[in-house]
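One structure is given here, and the rest of the page talks about it.
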Amino acid sequence: MSGPQKNAVFLERANYRQRRLRDASRLLPILGIVLWTIPLLWRTDQAVGPSNSRMVIYIFGVWVTLIVASTLIARFLRSDETRD
């Protein structure tokens with residue numbers, strides 16, 4: 001008495017990578033929002049707290065990092081599509 005055989009789920013590596021890259025591109029805005037809200041948690045009322053210039057540098061650094069990350073993800077997704 002053997003039950004129905006379970007077929008192993010197999011995805012080609014290219015399809016798997018492309019799906020994970022699409023997932024990463026969907027999560028990138030959420031990561032950006034989380035990273036941009038971090039300066040709200042910094043204390044600015046203390047004399048030794050972070051200065052406004054450091055906050056602005058952090059925000060623009062996150063912004064540039066998100067641009068670079070989305071460019072790389074888009075480039076890898078585009079190169080995967082041309083291989084098909």
Side-chain angles (χ1 to χ4, degrees):
M1 294 188 78
S2 63
Q5 290 182 343
K6 291 184 180 181
N7 293 335
V9 176
F10 175 73
L11 294 174
E12 294 180 22
R13 285 186 185 211
N15 290 340
Y16 181 78
R17 280 191 201 125
Q18 191 173 26
R19 287 183 183 192
R20 295 299 75 86
L21 282 171
R22 286 182 184 166
D23 291 343
S25 69
R26 290 180 186 125
L27 289 176
L28 204 58
I30 296 168
L31 176 66
I33 290 170
V34 169
L35 289 175
W36 271 350
T37 56
I38 288 176
L40 296 175
L41 300 174
W42 294 345
R43 290 188 175 170
T44 56
D45 57 345
Q46 296 177 353
V48 294
S51 64
N52 287 338
S53 61
R54 285 189 182 207
M55 287 185 187
V56 170
I57 290 171
Y58 173 81
I59 289 172
F60 279 107
V62 168
W63 184 44
V64 169
T65 304
L66 289 171
I67 291 170
V68 170
S70 64
T71 303
L72 290 173
I73 290 172
R75 183 173 290 166
F76 285 126
L77 280 173
R78 192 176 317 131
S79 68
D80 283 346
E81 288 176 1
T82 58
R83 276 191 237 157
D84 292 340

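Positions are given from 1, in the same order as the sequence printed here. Predicted, not measured: the structure shown is a model, and the values here were computed from it.
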Taking distance alone, no hydrogens or angles, what donor-acceptor pairs closer than 3.5 Å link side-chain atoms of residues 25-39 to residues at least two apart or in another chain?
| unit_1 | atom_1 | unit_2 | atom_2 | d |
| --- | --- | --- | --- | --- |
| Ser25 | OG | Arg22 | O | 2.7 |
| Arg26 | NH1 | Asp23 | OD1 | 3.4 |
| Trp36 | NE1 | Ile59 | O | 3.3 |
| Thr37 | OG1 | Ile33 | O | 3.3 |
| Thr37 | OG1 | Val34 | O | 2.8 |

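- Cation-pi geometry between Arg20 and Tyr16 is satisfied (NZ or CZ under 6.0 Å from the ring centre, within 45° of the ring normal).
- Taking each heavy atom of Ser70 and Ile67 in turn, the nearest pair found is OG-O, 2.9 Å.
- Leu72 and Val64 fall within a single hydrophobic cluster, where Ile, Leu, Val, Met, Phe, Trp and Tyr are joined by side-chain heavy atoms under 4.5 Å apart, directly or via other members.
- In the hydrophobic clustering of ILVMFWY residues, with side-chain heavy atoms under 4.5 Å counting as a link, Trp42 and Leu40 come out apart.
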